[in-house]
There are 2 protein chains.
Amino acid sequence: MIDDRKKRVLQAIIEEYINTAEPVSSKAIVENYGLNYSSATIRNEMASLEKSGYLEKTHTSSGRIPSEKGYRLYVDELIKDDDISLEEIKYISSKLETKVNEIEDLTKIATSTISEVTHYTTVSIGPSVSYQIIKEIKFVLLGNRMLMAVILTDTGMVKETIIKFDEDITEKQVETLNYMFNNKLKGEPIEKIDRPLEEYLFDEMTYSVKVIKPIIEQIKKVLAEDETLYLEGANKSFELPEFNSLEVAKNFINILDTKELMSDMLNSGFAQDINVYIGEENEKDELKDFSIVTFKHKVGDKDLGTIGIIGPKRMDYSKVISVMKYVSKKLNEKRDENGE
Amino acid sequence: MIDDRKKRVLQAIIEEYINTAEPVSSKAIVENYGLNYSSATIRNEMASLEKSGYLEKTHTSSGRIPSEKGYRLYVDELIKDDDISLEEIKYISSKLETKVNEIEDLTKIATSTISEVTHYTTVSIGPSVSYQIIKEIKFVLLGNRMLMAVILTDTGMVKETIIKFDEDITEKQVETLNYMFNNKLKGEPIEKIDRPLEEYLFDEMTYSVKVIKPIIEQIKKVLAEDETLYLEGANKSFELPEFNSLEVAKNFINILDTKELMSDMLNSGFAQDINVYIGEENEKDELKDFSIVTFKHKVGDKDLGTIGIIGPKRMDYSKVISVMKYVSKKLNEKRDENGE
DNA sequence: TTTTAGCACTCTTTTAATCAGATTGCTAAT
DNA sequence: ATTAGCAATCTGATTAAAAGAGTGCTAAAA
């Protein structure tokens, strides 16, 4: 049905539209994309592509713009996934080579680098805490009435929280806490901090329920907290012509402002390495005018978080996907070195 | 020069303009603000106020809008500073009564509450770290090669950072670190972590320069880091008619996106309790189309950070200032209870 | 059968012109 | 000192006309 020439026409139209943001005419294709046919022939192909649903018109005598179905075909079949220059490769490498003490910092660097290279708004979110395994849990006394709980997970994340008390805590109590919690929780997934465990801990430490209760509460609270979002290049989107519509701009601000939405956006289904959601393919209504491209960076089977780009449906998928692939690869190499 | 009646006219015009965002006509004033004069009289006063620079026209036959000089007079002399309802008082009180473990959480709550009550975009920033006094510094070993440094300051802030090593650290070394650093730094302002101290510490601990050097570097780095910004209600601004101009909206996004700008904005001169910068009064070019209202919340002479509102010059100064005053008062009370 | 030239037709965008409405500034009267 | 009244000015909405871009289709060419 969609023969090779049609695909080439579709590809040309999409690429032209990505560049210009204007409906593409048959003439423009003939002139700039080296298809050796007359504009009339291209027009026929365009009419056919429109009938099959890959193109749309804004009005009867306008040029064509890609439909979501058109973008989908483009992403699935027509894209180049090495659309990345030597300069970009060098830039990304140098950025990612920065030495960091905390794993989250690397995610931040990757996020901002992607935004810089692609010129799109980029977001990242840490891995879902509840699936991680507790490697160590440590209590530290700060002053006499403040306790800091530090939790180390297998993926190298460190979460800490502070609990205040109305009475003094002794070093002895802290020691007991360290012993008890580690003994019971080390090697367990974080979500295990649930009722049975609480009861067990209460039993063992009846002498200080007053102390242990707020601790467990606070730890659970911190771990249940939204993973931290990191946003980079929000303003970049506003340079794009589609954001000249007040309505689109407002929607966009609203999305970035709504943590829940951002979190959903980054955490929706992960079939492939790199996931592309075009317009209506997004589950959330608010996202249906945008495209989202996300990837998880992992080491082994361990999820280290998700990085995503949000932009117009007229997104430079080719560049975005190429950059993401390269960053993903580089991050993995980096992890191996670190031997975490 | 500016007699009482002129002031009443100016006040009426400003309040009307704050409500409607439309140039105000002499008729509107007569009808809604109970000035017992004809529109012709008001027109004369308006002409005079314009000549003195308190009002402006958008074109020859338009109504008047306040000039920056007009807003300034309004803020300095005509404002009510108890423009806050009983419901609002209750709401703010209840919000601020939330029990928190970390001082920063209180700032966050205050920030979002202010944004909710005033309907403006609200920002906060922590106190400048370098002036704070170190109350305690504690090293904690995480695993074998990771050290966490926790710094407690006199204002109740807790900063922590992680340092990774290429070789194992012993508990013994950690003990020494704790002893040395506390001995030397407790009671000192954070900025003291400078060269002389480094040298002293090197002397005392020659046996582990390899360990101590990265520690000092990392601590200095973390303390020098930008104070964390907290932003609430960015989308609220986009409901305002002035943000229907694409240019204004873009500028605004850019401001919110530029940490340096936000930090400058919150940290500029503090003559009064509550500081109002109207348009051109802002030092930074980018802010010259907006108004900023900020206040510091303190306990005693200790700076706990700054909260600020950024909005259009046509801001409801009366409400904003009233709310800030109330929040400021409440926060101080809260601190006293806590006895920090 | 496939491709193309050519042209009528459609729709958008731009420009200009007109008109109704709002508000002021000024003059003369109160 | 205040006000009524009115010409003058400017905006914003509406309409009309013209210019421009691109398509779809027909008939000819390859």
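All figures in this text were calculated on a predicted structure; none of them were measured in a lab. Lettering follows sequence order; numbering is per chain, from 1.
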Quick check on [N]: is either OP1 or OP2 less than 4.0 Å from any side-chain nitrogen or oxygen of [X]?
X        : N       : result
Ser62(B) : dT11(D) : no
Arg5(A)  : dT3(C)  : yes
Thr41(B) : dT3(D)  : yes

With respect to the side chain of [X], which nucleotide from [options] is positioned closest?
X        : options                   : value
Lys57(A) : dT10(C), dG24(D), dT24(C) : dG24(D)
Asn44(A) : dG24(D), dT4(C), dT10(C)  : dT4(C)
Thr60(A) : dG25(C), dT24(C), dC11(C) : dC11(C)

inquiry  = Once you measure the plane-to-plane angle for Phe252(B) and Phe243(B), does it fall in the parallel (<30°), tilted (30-60°) or perpendicular (>60°) bin?
reply    =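 Rings of Phe252(B) and Phe243(B): perpendicular, over 60°.
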inquiry  = Going by salt bridge (charged side-chain N to carboxylate O under 4.0 Å, His left out), Glu45(A) matches just one of Arg8(A), Lys6(A), Lys51(A), Lys7(A). Which one?
reply    =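 Answer to the salt bridge (charged side-chain N to carboxylate O under 4.0 Å, His left out) test with Glu45(A) among Arg8(A), Lys6(A), Lys51(A), Lys7(A): Lys6(A).
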request  = Please determine which of Lys288(B), Arg72(B), Lys313(B) meets the salt bridge (charged side-chain N to carboxylate O under 4.0 Å, His left out) test together with Glu281(B).
outcome  =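 Exactly one pass, corresponding to Arg72(B).
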request  = Look at the side chain of Ser61(B) against the base of dT24(C) and say whether a donor-acceptor pair falls under 3.5 Å; ignore hydrogens and angles.
outcome  =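 Donor-acceptor pair under 3.5 Å: no.
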ask   = Any donor-acceptor pair under 3.5 Å joining the side chain of Arg64(A) to the base of dG24(D)?
value =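 Not at all, since no donor on one side and acceptor on the other fall under 3.5 Å apart.
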query = Is a side-chain donor or acceptor of Ser322(A) paired with a backbone partner of Asp83(A) at a separation under 3.5 angstrom?
reply =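 A pair under 3.5 Å: yes.
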inquiry  = Reading DNA chain D from 5' onward, which residue's closest nucleotide shows up sooner: Lys27(A) or Tyr37(B)?
reply    =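 Looking at DNA chain D, the more 5' nearest nucleotide goes with Tyr37(B).
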key: d(CG, Leu35(B); P, dT3(D)) in whole Å   =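 Rounded to the whole Å, the gap is 11 Å.
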